[in-house]
Amino acid sequence: MAKAIAGRKDGDWNPEFYARYRGLRLRPALDLLARVGDLPKGKVVDLGCGAGAAGPALAARFADRKIVGVDNSPAMLSEAAATGAYKRCDLADAAQWAPKKPAALIFSNALLHWLPDHDALFPRLAGFLAPGGVLAVQMPRQYGAPSHRFLREFAQEMFPDRFDFTGWIAPVAEPAHYARLLAPLGTVDVWQTDYIQRLDPLPDAHAVRRFTEATAMRPYIEKLSEAELAAFTLRYEAALEAAYPAEPDGSVLFPFRRVFLTLRIS
């Protein structure tokens with residue numbers, strides 16, 4: 001019998017489930033923030049702020065600036081506003097978002113991999129910066145790992161009427177692609193990190209499934225009935241147990257790859 005699936009919230013993000021691994025999800029944001037240098041005058045935009053995990057760190061680093069959170073999830077924005085880190089929280093789709101005035105920093109942690117056409121998107125965001133301003137981005141690049149590959153493979157095999165990954169292209173390119181794309185716009189720094197995350201054992205699920213459930217697994221959960229989801233999860237869990245076996249203490253080592261970049265506009 002399939003183990004329990006975290007509840008859905010009418011297609012919206014669930015802050016409680018996303019926060020289950022809050023520390024592991026926050027660490028890349030802090031690593032990115034550490035590489036942001038001095039800024040010109042202007043506001044700081046947390047684009048895709050989610051529940052506001054990075055807000056307090058941004059507010060502490062840039063205490064004299066207006067910090068604005070932007071997200072398309074009402075549930076997440078409500079949590080972000082409650083942190084007190086933001087001067088304002090705006091409900092907006094990042095694909096269409098545009099600031100009224102140039103920003104000093106556009107900070108985007110774990111958002112832009114959800115959006116297509118990076119060759120147009122990234123220069124567009126850079127165009128919203130003040131001279132000397134910084135675009136700082138972190139995106140998961142985990143698509144070839146078992147945690148994400150299994151989702152695509154099993155969904156297409158089990159439910160070909162709803163999932164077709166023929167000709168599928170990973171939404172995040174090689175790091176060198178972003179270095180070449182943004183070099184004409186200013187000073188670019190691009191790097192990639194593999195985090196070896198240790199996940200605590202759980203009584204009712206494989207820990208990697210619980211990690212992906214709040215993010216990568218969402219599009220699959222939303223398209224399946226309860227019975228279909230139970231069968232899909234049962235197969236996914238079995239494959240995860242082989243790919244990510246338990247350590248002697250019951251924990252699981254879960255390597256997770258992320259790509260980072262900062263662009264300072266000339």
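None of these values were measured; they are calculated from a predicted model.
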* **Set of residues satisfying side-chain contact (heavy atoms from CB on, under 4.5 Å) with respect to Ser251, sequence neighbours excluded** => Arg198, Pro201, Glu247, Asp249
* Other residues, nucleotides, ligands: >12 heavy atoms within 6.0 Å of Asp93 CG -> yes
* Does one hydrophobic cluster hold both Phe62 and Val68, with members joined at side-chain heavy-atom distances below 4.5 Å? -> no
* **Separation between CG of Leu185 and CZ of Arg264, rounded to the nearest 0.5 Å** => 14.5 Å
* To do: Name the orientation class of the two ring planes belonging to Phe260 and Tyr195 (parallel below 30°, tilted from 30 to 60°, perpendicular beyond 60°).
  => tilted
* To do: Can you measure from CE (Met139) to CG (Leu115) and round to the nearest 0.5 angstrom?
  => 10.0 Å
* Between atom CG of Leu135 and atom CG of Leu182, what is the distance when rounded to the nearest 0.5 Å? -> 7.0 Å
* Are Leu129 and Leu33 connected in the hydrophobic side-chain network, where two residues link if heavy atoms are under 4.5 Å apart? -> no
* Look at the rings of Phe211 and Phe256 and say which category their plane angle falls in: under 30° parallel, 30 to 60° tilted, over 60° perpendicular. => tilted
* How long is the span from the CZ atom in Arg235 to the CG atom in Leu240, to the nearest 0.5 Å? -> 12.0 Å
* Of His113, Glu174, His148, which is the lone residue that meets side chain to side chain donor-acceptor pair (under 3.5 Å) with Arg141? -> Glu174
* Please tell me if the side chains of Val70 and Cys49 come closer than 4.5 Å, counting only heavy atoms from C-beta onward. => no
* To do: Run the salt-bridge test on Arg218 and Glu213 with the 4.0 Å N-O cut-off and return the result as yes or no.
  => no
* Arg258 charged N/C atom sitting above Trp191 aromatic ring, 6.0 Å / 45° -> no
Would you be so kind as to tabulate the donor-acceptor pairs closer than 3.5 Å made by side chains of residues 159-171, with sequence neighbours excluded?
| unit_1 | atom_1 | unit_2 | atom_2 | d |
| --- | --- | --- | --- | --- |
| Arg162 | NH1 | Lys223 | O | 3.2 |
| Arg162 | NH1 | Glu228 | OE1 | 2.8 |
| Arg162 | NH1 | Glu228 | OE2 | 3.3 |
| Arg162 | NH2 | Glu228 | OE2 | 2.8 |
| Asp164 | OD1 | Thr166 | N | 3.0 |
| Asp164 | OD1 | Thr166 | OG1 | 2.6 |

* Tell me whether Leu263 is reachable from Leu32 by hopping between hydrophobic residues (I, L, V, M, F, W, Y) whose side-chain heavy atoms are closer than 4.5 Å. => no
* Trp97 reachable from Leu58 in the ILVMFWY side-chain graph, under 4.5 Å edges -> no
* Taking atom CZ of Arg209 and atom OH of Tyr236, what is their separation to the nearest 0.5 Å? -> 9.0 Å
* To do: Grab the two heavy atoms, one from Ala136 and one from Val36, that are nearest each other, plus how far apart they are.
  => CB-CG2, 3.8 Å
* Structure fact -> Looking only at heavy atoms, the pair that brings Asn72 and Pro74 closest together is O-CD, 3.5 Å
* Asked: So if you build clusters from Ile, Leu, Val, Met, Phe, Trp, Tyr with side-chain heavy-atom gaps below 4.5 Å, do Leu39 and Phe128 land together?
  -> no
* Arg124 side, atom CZ; Asp119 side, atom CG - distance, nearest 0.5 Å -> 15.0 Å
